[in-house]
Amino acid sequence: MLICTYVQIVTRDESENPEYSKRLLRGHQLIENGIEPKQLSQNKYEIPSQSKDLNYIVTSYANSWNCTCPDYQYRHVTCKHIHAVVLWQKLSKKLEEDHKEKSVFATSLKPGIACKFCGSSKIIKYGKANNKQVYFCKSCARKFVPNEGFEGMKYDPRIVTTTLDLYFKDVSLRKIADHLKQPTSRRWHFFYETFLC
């Protein structure tokens, strides 16, 4: 007869244990490395082992968790598999909420683009200006270009990022200009002094 014991996700004694944060980190690393728990039923998940060719079953019952891995079975602590499933549940829920909030208008646009004036997602493409996509907000009737981190700059973002990359690799101004096929003009010196010095 198998006796299942359940443990609440965080108990006071467990969170004070220095091993707790290590297990939490390992659980998050599982998700970061692309290991996705497979949901078998509403409260039952299957997650692969990292060291062996087998899967562990993580079960939830009334805010308590159980895992078939040796770490949980012998120590009765929240293992990395439980932490991974809890994180995966939170991320899945967040993605579902974000997906429901998306408007029909934004389906063909880049994800996450909203009006920078009113925050509405009721936007449509409205042509291009200076090789940048312009959008029109149907809520506030304003045109805008989304901020890509280079707002108000005259220079192409690829040139700026490449220049910064080469600069931090200790490449000289002349070599950077040669690499980018830019003349070492007064304008180029102004750019160099403004952004790199």
Side-chain angles (χ1 to χ4, degrees), residues 8-10 15 21 24-47 58 60 62-63 65 78 80-169 176 179-182 187-188 190-197:
Q8 287 188 341
I9 187 65
V10 179
S15 63
S21 59
L24 178 66
L25 181 64
R26 287 190 209 120
H28 288 205
Q29 286 173 342
L30 284 172
I31 300 299
E32 285 177 11
N33 292 336
I35 295 175
E36 188 174 314
K38 180 180 177 185
Q39 190 167 6
L40 302 175
S41 67
Q42 185 175 356
N43 298 326
K44 198 174 198 179
Y45 301 88
E46 182 180 60
I47 189 162
V58 176
S60 166
N63 290 335
W65 292 89
T78 307
K80 65 182 179 182
H81 306 105
I82 293 173
H83 286 299
V85 169
V86 170
L87 176 64
W88 182 78
Q89 283 181 329
K90 289 179 182 177
L91 290 173
S92 297
K93 185 177 180 181
K94 176 74 173 143
L95 287 173
E96 284 178 19
E97 289 172 2
D98 289 348
H99 182 69
K100 287 178 184 175
E101 292 175 2
K102 296 283 182 186
S103 172
V104 177
F105 294 104
T107 53
S108 64
L109 306 175
K110 292 181 184 177
I113 294 181
C115 176
K116 70 180 189 180
F117 300 108
C118 69
S120 172
S121 60
K122 296 179 181 178
I123 56 175
I124 58 171
K125 290 184 178 181
Y126 202 73
K128 288 193 173 191
N130 298 329
N131 287 334
K132 292 183 180 181
Q133 182 64 54
V134 177
Y135 296 95
F136 178 79
C137 177
K138 290 191 170 190
S139 297
C140 66
R142 295 173 87 176
K143 295 185 284 184
F144 67 95
V145 176
N147 183 5
E148 297 174 349
F150 298 95
E151 190 171 306
M153 293 197 60
K154 298 177 185 176
Y155 301 96
D156 182 13
R158 289 174 288 183
I159 291 177
V160 174
T161 53
T162 306
T163 303
L164 289 171
D165 181 49
L166 293 172
Y167 172 76
F168 287 115
K169 290 180 180 174
I176 293 172
H179 178 75
L180 296 174
K181 297 176 178 60
Q182 296 285 328
R187 184 175 175 199
W188 180 255
F190 173 75
F191 170 77
Y192 182 80
E193 290 169 1
T194 304
F195 295 104
L196 303 178
C197 295

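Note that the coordinates shown come from a computational prediction; the quantities given were computed from them, not determined experimentally. For the single chain, residues carry numbers from 1 onward in sequence order.
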* Working to the nearest 0.5 Å, report the span between CG of L24 and NE2 of H83. => 5.0 Å
* Asked: Can you name the residues that form a side chain to side chain contact (heavy atoms under 4.5 Å, CB included) with L30, not counting sequence neighbours?
  -> I35, I47, Q50, K80, H81, A84
* C137 to I123 - nearest heavy-atom pair and separation -> CA-CG2, 3.9 Å
* Asked: Could you go step by step and tell me if Y135 and V145 meet the side-chain contact (heavy atoms from CB on, under 4.5 Å) rule?
  -> CA-CA 6 Å; Y135 296 95; V145 176; over 6 Å; no
* Spell out, as yes or no, whether a donor-acceptor pair under 3.5 Å connects the side chain of Q133 to the backbone of G127. => yes
* To do: With sequence neighbours left out, write down each residue that passes ring pair (Phe, Tyr, Trp, His ring centres under 6.0 Å) with F117, or none if nothing qualifies.
  => none
* To do: Please examine the side chains of I124 and K138, heavy atoms only from C-beta on, and report whether any two atoms are closer than 4.5 Å.
  => yes
* Structure fact -> With sequence neighbours left out, the residues meeting side chain to side chain contact (heavy atoms under 4.5 Å, CB included) with K143 are Y126, V134, F136
* Sequence neighbours left out, what passes side chain to side chain donor-acceptor pair (under 3.5 Å) with K128? Give chain and number order. => none
* Between NZ on residue K90 and CD1 on residue I31, distance to nearest 0.5 Å -> 12.0 Å
* Asked: Residues in side chain to side chain donor-acceptor pair (under 3.5 Å) with S120, at least two apart?
  -> S139
* Is any side-chain heavy atom of Y45 closer than 4.5 Å to a side-chain heavy atom of K38? -> no
* Hey, what do you get for SG (C140) to NZ (K122), rounding to the nearest 0.5 Å? -> 11.5 Å
* If every non-hydrogen atom of Q39 is compared with every non-hydrogen atom of Q42, which pair is closest and at what distance? -> NE2-O, 3.4 Å
* To do: Could I get the full list of side chain to side chain donor-acceptor pair (under 3.5 Å) partners for Q29, not counting sequence neighbours?
  => none
* Can you see which heavy atom on F144 is nearest to which on C115, and at what distance? => CZ-CA, 3.5 Å
